[in-house]
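First listed ligand is number 1; within each ligand, the first listed atom is number 1. Remember, predicted model here, so these are calculated numbers, not experimental data.
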Amino acid sequence: MNKIFFLGECMVELRAIDDDTMKQSFAGDVYNSAVYLQRCFPTVTTGMVTALGRDALSEKMIQRFRKASLDTTFVFQHPEKVPGLYLIKTDALGERSFTYWRNDSAARQLMGFFNDDIADLFNAGEYLFISGISLAVIAPSDRDAFWRFLDKLKSRGVNIVFDPNYRARLWDSPEQAKLAFEQAFTLADIALPGVEDLEVLFNISDAEAVIDFCTPFKLQEIVVKNGPDSVLTYANNSLLKHPIRPVSNVIDTTSAGDAFNGVYLGARIEKRSIVDAVQLAACAAGTVIQHPGAIAPEEPFRTAMTAVGI
Ligand code: AMP
């Protein structure tokens, strides 16, 4: 079953062009991954699981999902809430700063749309991706229900994929994040951690130590991202170190990990080897960081991926 769903939050992005002008787009870790997966592997059904509002920007976001050929079966619309929003400003030295309005976003109400039967709509062999950001966005009072939902999916044979993606400001405390991450690692079949994500919370500072941290959990596949250094994978008792060709013309590293995740998962769902999947994912990530913003323009992205056989 070539089907994967990305659960979390997509936000309205405003980018300040000058003092009077803002460019508006949409972004969010799970959405970014879904877009890049779908661009490279259009035969994989790729969907979003999220909650938006009924306002004009929510409607525009749904149109954007559809334009990117994303399945919207599990895109819910809250009667009162609206999507989260963030503003990117770049100062005279090129340093970017982000301001977020997401504490009361519609996505925080996602579990309110999950009735008892929703897990029954997922089938064995399908994939559900969650990130540390998805977990942080789910209201703390809803988390027990969320774990029960994941348990049910797992018992139905759905593959759970987890990228810890740690954003300290989204959590009440580091301890709360640690507990949630341990629970997610326990339930996951595939993990795609970055070294930085586990550094603060678990005091782990290199890729090998991330593998050591992950191996006691019952993961089938562990993929450790470590910027331009390398990617380490561990699966079927085999530890592989994959070289990454560093990009010299780095413009904006936003969503490098997201592009990597989407393309890696698409490649694995399409039965490519781990070695091939890492190389395709690294090419996607290396291309995305040569463009500003989370979603690289389609044409140069496609050109780069065509060059590596996609
Ligand atoms: P990170 O989240 O920083 O670990 O980056 C995710 C992925 O983006 C890495 O696994 C690499 O494939 C790619 N990447 C990040 N930085 C660079 C870089 N400077 N040059 C080439 N690839 C990179």
Side-chain angles (χ1 to χ4, degrees), residues 6 8 27-37 39-41 94-96 98 129-134 136 161-168 170 177 181 190-202 204-211 213-214 221-235 239-268 272-296 300-301 303-305 307-310:
F6 287 84
D29 64 339
V30 288
Y31 167 71
N32 307 338
S33 295
V35 166
Y36 290 120
L37 188 157
R39 276 186 188 177
C40 293
F41 300 101
E95 203 56 45
R96 287 172 308 137
F98 296 81
F129 177 98
I130 57 166
S131 74
I133 297 176
S134 322
V161 187
F162 177 54
D163 175 348
N165 230 345
Y166 180 51
R167 297 288 182 275
L170 292 179
F181 285 11
I190 301 175
L192 296 148
V195 174
E196 277 178 11
D197 294 319
L198 301 184
E199 199 160 2
V200 183
L201 288 182
F202 297 99
I204 294 170
S205 54
D206 62 72
E208 285 78 6
V210 175
I211 298 274
F213 170 84
C214 288
E221 217 160 293
I222 305 165
V223 183
V224 183
K225 293 162 285 179
N226 194 14
D229 286 351
S230 61
V231 169
L232 271 192
T233 56
Y234 185 75
L239 178 69
L240 298 176
K241 187 169 188 165
H242 310 256
I244 298 294
R245 190 179 307 149
V247 166
S248 49
N249 177 36
V250 178
I251 304 281
D252 179 355
T253 55
T254 306
S255 88
D258 306 336
F260 185 100
N261 290 347
V263 175
Y264 179 85
L265 292 168
R268 294 295 289 147
R272 308 267 184 138
S273 69
I274 288 178
V275 171
D276 283 357
V278 168
Q279 287 312 319
L280 294 173
C283 175
T287 305
V288 165
I289 62 179
Q290 295 179 60
H291 299 275
I295 305 291
F301 181 80
T303 305
M305 297 312 293
V308 288
I310 288 292

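- At a 4.0 Å heavy-atom cut-off, the residues surrounding ligand 1 are Lys225, Asn226, Gly227, Pro228, Val231, Ile244, Arg245, Pro246, Val247, Val250, Ala256, Gly257, Phe260, Ala282, Ala285, Ile289, listed by chain and number.
- A side chain to side chain contact (heavy atoms under 4.5 Å, CB included) with Ile289 is found for one member of Thr254, Asp252, Val250 and no other, namely Val250.
- Side-chain N or O atoms of Ser230 include none that pairs as donor or acceptor with a backbone N or O of Asn226 at under 3.5 Å.
- In this structure, the side chain of Ser255 does not engage the main chain of Asp258 through any donor-acceptor pair within 3.5 Å.
- Judged by distance alone, with hydrogens and angles left aside, the side-chain atoms of Asp197 form a donor-acceptor pair with the main-chain N or O of Tyr166 at under 3.5 Å.
- Looking only at side-chain heavy atoms (C-beta outward), Thr233 and His242 come within less than 4.5 Å of each other.
- Ion pairing between Glu221 and Arg268 holds under the 4.0 Å rule for side-chain N and carboxylate O.
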